[in-house]
Amino acid sequence: MRRLALLAAAALAGACLAAAPADEPLDPDKAFVPTARLVATLPSAPGGERHGIDVEYRIEPGYYLYRNRLRFEVTPPAFLVGPPEMPKGIEIDDPFLGKSAIFRDRVTIHLPFAVSIAKPGRYKVKITAQGCAEERLCYSPFPQEVVVNIPPGYRVMDLPAQEPPRGLPR
Amino acid sequence: MKGWLPLAGVALLAALAGVSLLLAGRSASPPALEAGPVEASPAAILAAPFTDGEGRAQVLGQFAGKVLVVNFWATWCTPCREEMPGFVKLQARWKDRGVQFVGLAQDDAAKVAAFGRELGVNYPLWLGEAQVMDLSRRLGNRLGVLPHTVLLDGQGRVIESRIGVYHEDALESRLVAITGK
């Protein structure tokens, strides 16, 4: 009798799963969540000396971002940033478009300061991103924005090794 | 106890059927979902300006009187490309039954042309700038996702607006229901 009940439960579960409607796709701001922070590391740090803004993306399972379609713009353009430094990502070979790369799960993109001193202020990082929900649909280019504050006295000048990282916000 | 055995067999078969249905469903793209409310008027839809592969101005209004299947897509959108062979077959089967497909993309013209040739697309693939996704959003595509397929009647009124992959058999059933043919 117990076995029969288990079988019936399995049948019900199987039927319910099969009949479940497809999930609604997430809003792009929920599928692809960017955050930004200032970074300043010494030359002796594991990744070497780095000054700039790290934009970290948290990407929902089953979703991915196109590496080469990410665009970043810092406003106001009071200080310049160099080209974004991105990990290689996961290579995909598209039968029509050829090889490209995508990001899943988490990725950090570094926007380096190209000047030695950044003026204090509130900076917006305007992002244009493109991505997809695996085998379901893709998001046309969508805008996102993250903000970083550079406090007064923030300095990103070269620092001698072994000294505390004075480049960090006070 | 013997009396329960047939019932147990039926339950087991039902469970297996359910699981196999689930697996079959997961192996292909999920079906398209209903999009949100439509905010564009038939006149605005039919007059929205696009260009063809040769740069000539085109509007959907030239197909007034036909059932239009308007497909928003892009070459970089893999699910879009996967559903298009089905559209090519449907266009061939329905061209003499008053159904016209049109693809709309905000994309690189050369890539669109190359993909059209490679797949042997037998319906117009038109291009536009921001107005492509703007029209898509006004046709209920709140999230700005692709593919997005909209069925219009002969007067440009929206019959259906769906996001995600529209499978060939599901779309054909819909065309049968709409046209009665």
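Being a predicted model, the structure only gives us computed values, none of them experimental. So you know, we letter chains A, B, ... as the sequences are listed, proteins then strands, and number each from 1.
Using a 4.5 Å cut-off between heavy atoms, Phe142(A) does not touch chain B at all. When heavy atoms are compared at a cutoff of 4.5 Å, Gln130(A) approaches chain B solely by way of its side chain, counted from C-beta outward. Residue contact with chain A, scored on non-hydrogen atoms closer than 4.5 Å, involves the backbone and the side chain of Ala114(B) alike. Proximity to chain A (any heavy atom under 4.5 Å) is restricted, for Glu118(B), to the side chain, taken from C-beta onward.
Relative orientation of the Tyr139(A) and Tyr63(A) rings is tilted, given thresholds of 30° and 60° on the angle between their planes.
None of Leu125(B), Val102(B), Val132(B) except one satisfies the side-chain contact (heavy atoms from CB on, under 4.5 Å) rule with Phe50(B); the exception is Val132(B).
For the options Arg81(B), His148(B), Arg142(B), Glu83(B), heavy-atom pairs under 4.5 Å to chain A are most numerous at Arg81(B). Interface remark: of the candidates Gln106(B), Lys111(B), Glu82(B), Lys111(B) forms the most heavy-atom pairs closer than 4.5 Å to chain A.
The environment of CD in Glu129(B) is sparse: at most 12 heavy-atom neighbours from other residues, nucleotides or ligands sit within 6.0 Å. The environment of Arg37(A) atom CZ is sparse: at most 12 non-hydrogen atoms of other residues, nucleotides or ligands sit within 6.0 angstrom.
When the SG-SG distance for Cys138(A) and Cys77(B) is compared with the 2.5 Å cut-off, it comes out at or above that value.
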